[in-house]
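This structure is a prediction, so every number in the text was calculated from the model and none was measured. Each chain gets a letter, A, B and so on, in the order its sequence line appears, and its residues count up from 1.
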Amino acid sequence: MSSATEPDPILVCVAWPYASGPRHIGHVAGFGVPADVFARYQRLRGARVLMVSGTDEHGTPITYEADRVGISPREFADRNNAIIVEDLRQLGLSYDCFTRTTTRNHYRVVQEVFLRLYEKGYIFTRTQLGAVSPSTGRTLPDRYIEGTCPICGYPEARGDQCDNCGNQLDPVDLIEPRSRIDGERPEFRETEHFFFDLPAFADRLREWIEGQAHWRPNVRSYSLNLLPDLKPRAITRDLDWGVPVPLPGWRERPDKRIYVWFDAVIGYLSASIEWARTRGTPEAWREWWQAPGARGYYFMGKDNITFHTVLWPAILLGVGDLNLPFDVVASEFLTMEGARFSVSRGRVIEVRDFLSRYDPDALRYYLTTAGPETTDTDFTWAEFVRRNNDELVGTWGNLVHRTLVQAHQNFGAVPEPGALTERDRRLRAEVEGGFSAVGGFLDRARFKAAIGEAMRLASLVNQYLAEERPWHRIKEDRARAATTLFVAIRCVDDLKTMLTPFLPFSCQRLHEMLGYTDVIAPQPRVREVEDDGGAHLVLGNDYEARPRWAPSCIPAGRPLPRPAALYRKLDPRVVDEELDRMRARA
RNA sequence: GGCGGCGUAGCUCAGUGGUAGAGCACACGACUCAUAAUCGUGUUGUCGCUGGUUCGAUCCCAGCCGCCGCCA
C-alpha cells in the first residue's frame, strides 16, 4: 500500500561484477557507489529498500582464466568472489543481499524462468556451426579465434571482425584459423542451441520505453535504436560451466549450459528470493517485484544498457507478473590518467589497493563529484588529492571541526541560544531547504548536483561564521556567540544527514560527535549462508528504514565530546608516488 | 561498415533559442575559531570548423575535422 507518509518500496538492482578478477575503481564508480548513495538516501527518507546484486561467475572467460591458473572454475570464482565481497564491504555499499550466481537458489530460479518462457513458446532450438577446440572439446567464442582475413588478407583477423579492414567476419571463413588460446586449429561442428524470441517483444518494448520520459535521454534513445534490429538471441552455449538446461535429455548433458548473460540478469530476481528465504519470510520478495507501486532502479555502466532495457525487460514480460524496471541509471566510463583502464598495461587501481592507502569516504566523494555520471570522466591522482584536500577536508571537514571545537572548548555542550536574528533565520532556512533540494536531485539520480548543493550549503555556513565571528564575539558578548554556534551546529547536523548517503563512515562518526548514540549509517556485514548443503558468502545486513531526512532538532545543553578530525589531508607527494606505482606496473 | 557520444575559460566539468557559468589555478584583500583551513573581490573564452533554419544559435538541422565508445 502506498500513502503520502509511507513511501513505496524501492528495489535497487546493482550490476553484477564479473568474477574474472579483482575489480578496479572504474567498476565501482559506474554502479556501486551511485547505487549505494541512492539506496541510503531512500532509507533515510523512510522507504523500504531492497538492494541486491552478486558476483557473476559463469561464462567462458572464467573457465579460461581458471585453466591458466590451474584451478577449477569454481575455485577461481570462490577466490574472486571473496575479494570482491571484501572490497564492497570496505566501501560501505549497503547491499541487502550481495550473493553470487553459483548458488543452488540461483540455479533453481534461472531454470524456473527458462521453463516458464519455454512453456510459453518464447524459447526454441536452432542448429548452428560452432568452433570447437579438438584437444579440450571446448567451444571457442568467435573472438578467441584468429586467422587470415578472407577479404583483405590481414593475417591476424579475429573471428568476429578484421581489425585491418573492419569487415565483419564469420570464423568459418577465416583462412588458416587458429585458437588464440593455444594456437591449435579449431574444428567446426554443428551444434543445437536454445534461442530466446526477442522479436516477439519488440512492440511491447517500444511502447514501454517510449513512455519512460524520466530516463536519462541517452539510455532511452540508445534502447529505442536497438529495437528495429532485434533478433532471436542464443541463451545456451557449448560449455560445462554454468546452469544446466532444465529439460529432459538436456539436463544431464555436461556440455550444454545456459549462456551467462541470461543467467546473470535473472540474478536480480534470484537474489531477492534468496534474501527473503534467508530471513525466514520466503514470500517477502514479492513486495518489491509484484506490488504495483514498487519501483525498481537499475544501476550499471553504459556497456550494460542493452541487458537492462531490452533483454531483461523482455524476459520479465515473457515470464509475466513481474515489475519492469522503473529507471535504468546507466553511467558512462571512468578513465585513468587520460586513458582506458588496462590491467595488462598496469593502468589500473584495484579497489582493495586503493582502500589500503585511502579512506572509503575520500573515494566515494571523488567518484560522486568527479565520476562518470553523464559523460566519460578521467580519474587523476592530482585531482583526487585536490578534491580531498580543498573540498572534503577544506570546506566540509573544516566547517565541522571549527564549529565543534569552538562549541566544545567554550561551552562543553550544544550552546543555549538566545533569540535568533534575521541573519540566523535566513541561514537556517537556506540550509533546511537542502532537504528538498538535495533530496529532489537524489530522487532523480542526479548525484553530482545533489552533493554539489550540499557542499554549497556548507560554504554558506562557513560564510556565516566568517561574518559572525563567534571566536571574536565571545569576548564581549558570550550569549551572541552561543547563539551563533547553536545555529552553526544545527546546520552541521542537517548537512550530516544530507551527506550521509555519500559519506557514510565519516557522517556516522560525526553523528556520534554530536552526541547521538544510534546508527545513522549502518554498514554491511559478511556472513556465510547455507544453500542446500553448500555455503557461500553474503554481504548484507538488516537496515532500518526510519525517516530521518528532516531538519535537525539537536537540543541545547547536550554535552559534546572533544571533536576529532573527520578526514585526513593528503600530502601532495602521493600524486607522484601513485604515478610511480602505476609506471612500475606497466 | 552501421549506430551513438563527445569537442564550452590554463585544467576538470555545468548549461540555455536571445550574444555564457561553477570549482580549481592566478591576483589582491579580510580573518585568525579551524587539518595554513575559511571568507570576500577580480581577470580569463571567435561555446571544434563550414553552411542552413530563425528576428536571433553555443544550444535546432546538414556536412566536415578531431577524439572515443558500442555493434556486427
Trainee: In whole angstrom, give me the gap between the C1' atoms of B:rG4 and B:rG42.
Mentor: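 It comes out at 42 Å once rounded to the nearest Å.
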Trainee: Should A:R573 and A:D576 count as an ion pair when the cut-off is N to O under 4.0 Å?
Mentor: no
Trainee: Testing A:D494, A:I489, A:L495, A:V487 one by one against A:V461 for a side chain to side chain contact (heavy atoms under 4.5 Å, CB included), which residue passes?
Mentor: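 It is A:L495, the one option of A:D494, A:I489, A:L495, A:V487 that forms the side chain to side chain contact (heavy atoms under 4.5 Å, CB included) with A:V461.
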Trainee: Flag the pair A:E430 and A:R456 as a salt bridge only when some basic side-chain nitrogen lies within less than 4.0 angstrom of an acidic carboxylate oxygen.
Mentor: yes
Trainee: Please give the distance between the P atoms of B:rU38 and B:rC24 as a whole number of Å.
Mentor: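 It comes out at 8 Å once rounded to the nearest Å.
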Trainee: Tell me which residues in residues 297-309 of chain A put a heavy atom below 4.0 Å from RNA chain B, sorted by number, or none.
Mentor: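 The answer is none.
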Trainee: Among the nucleotides B:rU35, B:rC24, B:rA37, which one has an atom lying closest to any side-chain atom of A:N398?
Mentor: B:rA37
Trainee: Output the single nucleotide from B:rC33, B:rA37, B:rU38 whose closest atom is nearest the side chain of A:Q406.
Mentor: B:rC33
Trainee: A:S459 side chain: which of B:rA34, B:rU35, B:rC39 is closest?
Mentor: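 In terms of side-chain proximity for A:S459, the closest of B:rA34, B:rU35, B:rC39 is B:rC39.
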Trainee: In whole Å, what is the span from the NZ atom of A:K475 to the P atom of B:rC31?
Mentor: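 A:K475 atom NZ is separated from B:rC31 atom P by 12 Å.
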Trainee: Are A:K302 and A:E332 within salt-bridge range, i.e. N to O under 4.0 Å?
Mentor: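 A salt bridge is present here (some side-chain N lies under 4.0 Å from a carboxylate O).
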Trainee: Which nucleotide wins on minimum distance to the side chain of A:Y567, given the candidates B:rC39, B:rU12, B:rU35?
Mentor: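 Closest nucleotide to the A:Y567 side chain: B:rU35.
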Trainee: Which value, in whole Å, describes the distance between the C1' atoms of nucleotides B:rG48 and B:rC65?
Mentor: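 So the two C1' atoms sit 8 Å from each other.
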Trainee: Looking at A:R509 and A:L566, would you say the former's side chain and the latter's main chain have a donor-acceptor pair under 3.5 Å?
Mentor: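 Yes; at least one donor-acceptor contact below 3.5 Å.
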Trainee: Check this one for me: any side-chain N or O of A:R568 less than 4.0 Å away from OP1 or OP2 of B:rU35?
Mentor: no
Trainee: Would A:D36 and A:R364 pass as an ion pair if we require N to O under 4.0 Å?
Mentor: yes
Trainee: Nearest to the side chain of A:W471, heavy atoms from C-beta on, is which of B:rA34, B:rC39, B:rU32?
Mentor: B:rU32
Trainee: Between A:R386 and A:E383, does any side-chain N to carboxylate O distance fall below 4.0 Å?
Mentor: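 A salt bridge links A:R386 with A:E383.
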Trainee: Dot-bracket, 5' to 3', for RNA chain B please: Watson-Crick or G-U pairs under 3.5 Å, [ ] where pairs cross earlier ones, | where the partner sits on another strand, dots elsewhere.
Mentor: (((((((..((((.......)))).(((((.......))))).....(((((.......)))))))))))).
Trainee: Counting heavy atoms from C-beta on, name the nucleotide in B:rG4, B:rU35, B:rG23 closest to the side chain of A:N225.
Mentor: B:rG4
Trainee: Quick test of your reading of the model: are A:R490 and A:D493 salt-bridged, counting only N-O distances below 4.0 Å?
Mentor: no
Trainee: Measure from the side-chain heavy atoms of A:R386 and tell me the nearest of B:rU38, B:rG69, B:rG23.
Mentor: B:rG23
Trainee: Answer yes or no: is there a side-chain heavy-atom contact under 4.5 Å between A:L224 and A:E210?
Mentor: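 Of all side-chain heavy-atom pairs linking A:E210 with A:L224, at least one is under 4.5 Å.
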